[in-house]
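Model, not experiment: these values are computed from the prediction. Letters go in sequence order (proteins before strands), and every chain restarts at 1.
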Number of protein chains: 2
Amino acid sequence: MSADIESRVTADDHQALKLWLRLLACTTRIEDQIRDRLRREFGTTLPRFDMMAQLDRSQDGLTMRELSERLMVTGGNVTGITDQLEAEGLVERQAHPSDRRSINVLLTPAGRRAFRKMAATHEQWVVELLAGWNAKEKTQVYEQLAQLKTHLMNTKSKES
Amino acid sequence: MSADIESRVTADDHQALKLWLRLLACTTRIEDQIRDRLRREFGTTLPRFDMMAQLDRSQDGLTMRELSERLMVTGGNVTGITDQLEAEGLVERQAHPSDRRSINVLLTPAGRRAFRKMAATHEQWVVELLAGWNAKEKTQVYEQLAQLKTHLMNTKSKES
DNA sequence: TATTGTTATACTCTATAACTATA
DNA sequence: TATAGTTATAGAGTATAACAATA
């Protein structure tokens, strides 16, 4: 390998690393802001907000198993979050019509109202935090991220 | 406000939210991969790796206070991570030359060797994970993120 | 036997606050 | 008094594994 090619490879490597560190810094900053605001303004957390978002999309509720898959956390965690939300009257557990092992979790009317209100505010936070980009730039980055996402979904996790 | 403007605003809001969710998905995926690989291939964690990266850059070591600022975590956490790395012989605590309250933390020669090896592998992971973008695209996103970062640094945290 | 959900437990990462030694 | 560092504690957030009920 010639020195030229090698140096180009090295330059490209550092480019990727610098890009990653900047990407991580921006995302972490936004996520921390959202966590902090959810806690202070609504007394909730991101996992709880995410579970309510999943339930809001589904009219008939979701089983613990479905929630576990969609939130990408293990079953024990779903039980814990559901317990908290149920204690506050935001969700309820119902018997599953056809499988007595399963449990259907649904938003209560109060839970749906509370979520809709939080979601609107949350969306305004995101608009504000991403206001460093105009509409055209947002579209560009959105499409560039689509490419990256495709690549990442095809990138196997390293086996142990 | 006319219906047109309002609908444009709404469209833009959803654009920001969709962009944020995609940005978060990509970043989380990469970060999880890196955490997982650090754990499996080097038996270490991201905070430990980050501390060693800071120490590798500084020839004369850093005080606990400096580490706390650079890693953006509180002092108690720095003590804990330092304890772990010291127990494995990767860093050492030394008396500060001019302030007896302070402690200087330095990489040991073994720690520096271990870090350099990990860092090279880590950089290859990042190159691989970001391979969904070519060099030109990486440069574009890098510069777009610079803009966002500037905006985020000027965005005050919400007061309580 | 396999699956659903719960419980118990543990580990990482973080913060706050009380404490000591020193400035 | 103020600062550097340590210790103790707590709370998210996550995982694994043993378990009971049901399929």
Please enumerate all residues that pass side chain to side chain donor-acceptor pair (under 3.5 Å) together with [X], with sequence neighbours excluded.
X	answer
A:Glu137	B:Gln147
A:Thr45	none
A:Asn77	A:Thr74
A:Asp83	A:Arg93

Terminal contacting nucleotides, 5' and 3', DNA chain D versus chain A (heavy atom, 4.0 Å) = D:dG13 to D:dA23
Sequence neighbours excluded, which residues qualify as ring pair (Phe, Tyr, Trp, His ring centres under 6.0 Å) partners of A:Tyr142?
-> none
Show me the donor-acceptor pairs, under 3.5 Å and distance only, between side chains in residues 66-73 of chain A and residues at least two apart or in other chains.
unit_1: A:Glu66; atom_1: OE1; unit_2: A:Thr63; atom_2: N; d: 2.9
unit_1: A:Ser68; atom_1: OG; unit_2: A:Val73; atom_2: O; d: 2.7

Residues A:Thr139, B:Gln15; criterion side-chain hydrogen bond (donor to acceptor under 3.5 Å, both in side chains); working and verdict = CA-CA 8 Å; A:Thr139 301; B:Gln15 182 191 32; 2.8 Å; yes
For the ring pair B:Phe49 and B:Phe42, is the centre-to-centre distance below 6.0 Å?
-> no
Tell me: [atom1] of [X] to [atom2] of [N], nearest whole Å?
X	N	atom1	atom2	result
A:Leu46	C:dT14	CG	P	16 Å
A:Leu67	C:dT3	CG	C1'	17 Å
B:Met72	C:dT14	CE	P	10 Å
A:Asn77	C:dG5	CG	C1'	13 Å

Ring pair (Phe, Tyr, Trp, His ring centres under 6.0 Å) contacts touching residues 60-95 of chain A (sequence neighbours left out) | none
Residues 85-110 of chain B vs ring pair (Phe, Tyr, Trp, His ring centres under 6.0 Å), sequence neighbours excluded, gives none
Is a side-chain donor-acceptor pair under 3.5 Å present for B:Glu128 with A:Thr155?
-> no
Which part of the nucleic acid does A:Arg93 contact within heavy-atom distance under 4.0 Å: base, sugar-phosphate only, or nothing?
-> sugar-phosphate
Proximity to DNA chain C (any heavy atom under 4.0 Å), residues of residues 95-108 of chain A only | A:Arg101, A:Ser102, A:Ile103
Over all atoms of both residues, closest heavy-atom pair of B:Met52 and B:Gly111 = CE-O, 3.4 Å
For the student: nearest non-hydrogen atoms of B:Thr79 and B:Met64, plus distance | CA-CE, 3.6 Å
Pairs: protein N or O with nucleotides 8-12 of chain C N or O, under 3.5 Å:
none

What are the residues of residues 56-66 of chain B, sorted by number, that bring a heavy atom to within less than 4.0 Å of DNA chain D?
-> B:Thr63, B:Met64, B:Arg65
